[in-house]
Each structure stands twice: as C-alpha cells, then as structure tokens.
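Note: hydrogens, waters and symmetry copies are ignored here, and every other heavy atom, side chains too, is used. Bear in mind that the values here come from a model prediction, so they are computed numbers and not experimental data.
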Amino acid sequence: MIKAVVFDVDDTLYDQKAPFVAALAPLVTNSENFDFTQALQDYRCQSTQAYAQVANGNWTHEEMAVNRLNATLNQQHRGLVTPAMAVTFERTYAEGLKHITLFPGLSTALDQLKDQFKLGIITNGKTQHQLAKVMQLQMHRWVDRDNIITSEEAGLAKPDPQIFTLMNHRLNLRASEVAYVGDCYGMDVKGAKQAGWHAFWFNHRNAEMTNGNWIPDQTVGDSLELQDLLLALSAVPEMS
C-alpha cells in the first residue's frame, strides 16, 4: 500500500524550459537550428554525473556549472563556454526561477493528497537554491521541511538509491510504501526503482528510456494527466 508520495522539483513541479531557454539563448549562435527542448533534457541528464562529482568532492559547484553546460552544448556540436559565460547563464537562469509557478492542476492534486498521504521532496542541487524554488512554488503548504532532502545536505545525489533510503527513514516507511514522481528517467525512475519504490514518470518532454531495465509503474505525458493520476491515487488509498 502506498502511504507517501515524494516529488522531484525541477521540470516536475514547474516548467523549467522557459527560464532555461531565456538564459541559454544568448549563448547560442544560429539558435534557430538549436533544439532547446533536447538541450534541457541533456542538461538535466548531465546532473546524474555532475552532482555525483560534487558529492564526491571532485568538482566545486562553479566547475559543475561550466562542465555541465559545456557537455550540454557539445551534444549539439556547439562551442564551449567560458567560466564567465557559465556564470552569466547561472545568474540569468536563477533570476528566471524566481518567477516559477506550479504546473496546472498540481495544487488541486496536492490538496487531496495531503489528507491521505505523507508528502516529501527529493531534489538534486544546492540546498539554498532548491529551497528557494520550493518556497516560490509554495510547496511548504503541503510538505514539511523535515521531508525535503537535497543532494547537498545528504551528500548523495539521485539516482543513488541511498538518497531514497534516507527518505524512508525520514518518513518511517518501507520502500514499497512510497511512490516517487519525477520527469527524468535516468535519475528519477531508475533511482526510485533501484530503491524499491514505486515510480511515476512525468514524461512531458517525450523523452526515451535510456535503459529499459527500469520500468515505471505509471507514465503520464502532461500536467493534466499527472493531476488525474494523483487524484486517482488519493481516491483509491489501497492502491499497491
């Protein structure tokens, strides 16, 4: 029986593409031939290795910013950015994130879920930055601070299953009693399934499964489908 629902933050609770494109477009020449949707997916998937490097002490956050952005651009055979350009990107991107809002339908679903389930958040990133997004999205209305785990404070990063196990202890629940909602197959679905959780894949960017060994329990393609899934979950608490 599912007793808790835990969420990713970036591109799961809000649309990450708009602030990302606004920050990246000035750095891209011939942008009409550049796939920004694919770039966002690549940027997010680079997080798997990038946050592991930070957690292991191999990179500073500044080095991560440069390396992750360059790896993203390299996927479309674009030139490298300088550290100064990466800093400008990060600042512009951070400014855009101050104006994010929840995807349509999520607040309604969260209102319903809170009455029946424990709610939590697992997110990769610096604690200060991720908590700022959580507050901007008003997620404190539904999620207690003790049930928010960032990779920086945990010293672990998705898809490492240990960060999910840490949430098991926070919630005082078994792995089989928790469902994770996330948009990134490589970090969210893989990590949750490796930890023994249910995994709900919010695949609104039409991404492909990079490793078919990890099958999500549910897949939805837009925010209204996600709302329907979460409302159905709250209407049927015995779902397992």
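- Atoms CE and CG, from Met139 and Leu106 in turn, are 7.5 Å apart once rounded to the nearest 0.5 Å.
- With rounding to the nearest 0.5 Å, the separation of CG in Asp10 from NE2 in His129 is 11.5 Å.
- Residues Asp183 and Thr12 have side chains that bring a donor and an acceptor to within less than 3.5 angstrom of each other.
- The CG atom of Asp160 sits 8.5 Å away from the CD atom of Gln194 when rounded to the nearest 0.5 Å.
- The hydrophobic cluster containing Phe164 does not contain Leu119, counting ILVMFWY residues as joined when their side-chain heavy atoms lie under 4.5 angstrom apart, directly or transitively.
- In terms of modelled atom types and a separation under 3.5 Å, the side chain of Asn74 and the main chain of His77 share no donor-acceptor contact.
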For Phe89 and Phe20, run side chain to side chain contact (heavy atoms under 4.5 Å, CB included): C-alpha distance rounded to whole Å, both residues' side-chain angles, the deciding distance at 0.1 Å, then the answer. CA-CA 9 Å; Phe89 167 80; Phe20 177 81; 3.9 Å; yes

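- Under the 4.5 Å side-chain criterion, counting only non-hydrogen atoms from C-beta, Met64 is not in contact with Gln53.
- Contact detail for Leu137 and Leu102: the closest heavy-atom pair is CD2-N, 3.5 Å.
- The environment of CG in Asn172 is sparse: at most 12 heavy-atom neighbours from other residues, nucleotides or ligands sit within 6.0 Å.
- For the pair Trp214/Tyr185, a side-chain contact is recorded, criterion being any heavy-atom separation below 4.5 Å from C-beta on.
- Under the 4.5 Å side-chain criterion, counting only non-hydrogen atoms from C-beta, Glu63 is not in contact with Pro83.
- With a 4.5 Å cut-off on side-chain heavy atoms, Phe36 and Ser31 count as touching.
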For the pair Leu229 and Leu233, evaluate side chain to side chain contact (heavy atoms under 4.5 Å, CB included) and give the outcome as yes or no after the intermediate values. CA-CA 6 Å; Leu229 172 62; Leu233 184 66; 5.7 Å; no

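- Proximity of Leu13 to Phe7: side-chain heavy atoms (C-beta onward) are separated by under 4.5 Å at one or more points.
- Side chain of Asp222 to main chain of Glu225: a donor-acceptor pair is present (N/O by atom type, distance under 3.5 Å, no hydrogens or angles).
- With no hydrogens or angles considered, no side-chain donor-acceptor pair links Lys126 and Thr150 at under 3.5 Å.
- No side-chain heavy atom of Gln162 sits under 4.5 Å from any side-chain heavy atom of Leu166.
- Note that Arg68 lies in the cation-pi zone of Tyr43, set by a 6.0 Å cut-off to the ring centre and a 45° limit from the axis.
- Ring centers of Phe103 and Phe202: under 6.0 Å apart, within the cut-off.
- A pairwise comparison of heavy atoms in Gly79 and Leu73 identifies O-CD1, 3.7 Å as the closest pair.
- Side-chain heavy atoms closer than 4.5 Å link hydrophobic residues (I, L, V, M, F, W, Y) into clusters, and following such links, possibly through other members, connects Tyr14 to Val220.
- In this structure, His198 and Phe200 have tilted ring planes: the angle between them lies in the 30° to 60° band.
- Taking the charged nitrogens against the carboxylate oxygens, Asp8 and Arg44 do have a contact shorter than 4.0 Å, which makes a salt bridge.
- A continuous path of ILVMFWY side-chain contacts below 4.5 Å connects Val28 to Met85, so both sit in one hydrophobic cluster.
- Among Lys17, Gln41, Arg205, Gln16, the one residue that satisfies the side chain to side chain donor-acceptor pair (under 3.5 Å) test with Asp11 is Arg205.
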Could you walk me through whether Ser176 and Trp197 pass the side chain to side chain contact (heavy atoms under 4.5 Å, CB included) check? CA-CA 5 Å; Ser176 61; Trp197 288 26; over 6 Å; no

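- Within the 3.5 Å criterion, the main-chain N or O of Cys184 finds a donor-acceptor partner in the side chain of Asp188.
- Looking at heavy atoms from C-beta onward, Leu24 lies in side-chain contact with Phe34 at the 4.5 angstrom threshold.
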Applying salt bridge (Lys or Arg N to Asp or Glu O under 4.0 Å) to Lys118 and Asp144, what does each step give before you reach the verdict? CA-CA 9 Å; Lys118 294 181 179 180; Asp144 294 336; over 6 Å; no

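- Note: Leu69 CG to Leu27 CG = 6.5 Å, rounded to the nearest 0.5 Å.
- Pairing each heavy atom of Ala199 with each of Ala192, the nearest pair is CB-CB, 4.1 Å.
- No side-chain heavy atom of Glu62 sits less than 4.5 Å from a side-chain heavy atom of Val87.
- Remark: the Trp201 side chain and the Asp217 side chain contain no N/O donor-acceptor pair separated by less than 3.5 Å.
- Scanning both residues, Leu131 and Ile148, for their nearest heavy atoms gives CD2-CG2, 4.0 Å.
- A distance of 14.5 Å separates OH of Tyr93 from NZ of Lys98, quoted to the nearest 0.5 Å.
- Side-chain N/O atoms of Lys133 and Gln130 include a donor and acceptor closer than 3.5 Å.
- Remark: the backbone N or O of Ala109 is not paired with any side-chain donor or acceptor of Gln112 at under 3.5 angstrom.
- Using modelled atom types, one side-chain atom of Asn124 and one backbone atom of Lys158 make a donor-acceptor pair closer than 3.5 Å.
- Residues Tyr180 and Ile122 approach most closely at OH-O, 2.7 Å, considering heavy atoms.
- Donor-acceptor pairing under 3.5 Å is lacking for the side chains of Ser234 and Gln116.
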Test side chain to side chain contact (heavy atoms under 4.5 Å, CB included) on Val181 and Val6; report intermediate values, then the result. CA-CA 6 Å; Val181 181; Val6 180; over 6 Å; no

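- For Ala4 against Leu171, the heavy-atom pair with the smallest separation is CB-CD1, 3.7 Å.
- Taking OG1 of Thr29 as the start and CD of Glu32 as the end, the distance is 9.0 Å to the nearest 0.5 Å.
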